[in-house]
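Numbers for residues simply follow the sequence, beginning at 1.
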Amino acid sequence: MAKLKTGRHTSALKAHRQSVRHTEANVEIRSHIHSIARKVEAAVTKKDAKAAKSLLSEAFAAWDKAAKTGVVHWRSASRKKARLSSRVQAIQAAKS
């Protein structure tokens, strides 16, 4: 993109380019998180406690990383982790 002669809007143009890049990255991260959460939910539905437990740690790591980088709010990540964990704990308790 050519630089404007006056230079009035160059910072706005750069900010827009950055926001487009960040949005694409954040959408990809959120998609990854949601796909892992769906896998955990599928394992819970099948009552496969072992698979759900292993996928749960992967989901926790993804939520924590997204919260750390600011893609999602840390309280939102915490709430969703707690809800997934309670579902996995419920099927483990039912098996015991």
inquiry  = Working to the nearest 0.5 angstrom, can you tell me the gap between Gln89 CD and Ser86 OG?
reply    = 8.5 Å
remark   = Output for pair (Arg21 CZ, Arg17 CZ), nearest 0.5 Å, gives 7.5 Å
note = Residue set satisfying side chain to side chain contact (heavy atoms under 4.5 Å, CB included) with Arg75, at least two apart, ordered chain then number -> His73
key: side chain to side chain contact (heavy atoms under 4.5 Å, CB included) involving Lys47 - partner list, sequence neighbours excluded   = none
ask   = Backbone N or O of His16 within a donor-acceptor pair of the Ser19 side chain at under 3.5 Å?
value = yes
message = Contact between Ser31 and Glu28 at the side-chain level, heavy atoms closer than 4.5 Å - yes or no?
response = no
query = Listed by chain and number, what are the side chain to side chain contact (heavy atoms under 4.5 Å, CB included) partners of Ala51, not counting sequence neighbours?
reply = Ala43, Asp48
key: Residue Gln92 excluded, over 12 heavy atoms near CD under 6.0 Å   = yes
note = Applying salt bridge (charged side-chain N to carboxylate O under 4.0 Å, His left out) to Glu41 and not counting sequence neighbours gives Arg87
Salt bridge (charged side-chain N to carboxylate O under 4.0 Å, His left out) pairs, two or more places apart, involving residues 51-61 = none
task = Report the hydrophobic cluster partners of Val27, with the cluster defined as I, L, V, M, F, W, Y residues connected by side-chain heavy atoms closer than 4.5 angstrom, directly or transitively.
result = none
note = Joining Ile, Leu, Val, Met, Phe, Trp and Tyr whenever any side-chain heavy atoms lie under 4.5 Å apart, the cluster holding Ile33 also takes in Ile29, Val40, Val44, Leu55, Leu56, Phe60, Trp63, Val71, Val72, Leu84, Val88, Ile91
request  = For the pair Thr69 (side chain) and Lys65 (backbone), establish whether a donor and an acceptor sit closer than 3.5 Å, ignoring hydrogens and angles.
outcome  = yes
request  = Could you pull out all residues at least two apart from Asp64 that satisfy side-chain hydrogen bond (donor to acceptor under 3.5 Å, both in side chains)?
outcome  = Lys81
key: Test side chain to side chain contact (heavy atoms under 4.5 Å, CB included) applied to Glu24 - qualifying residues, sequence neighbours left out   = Val20
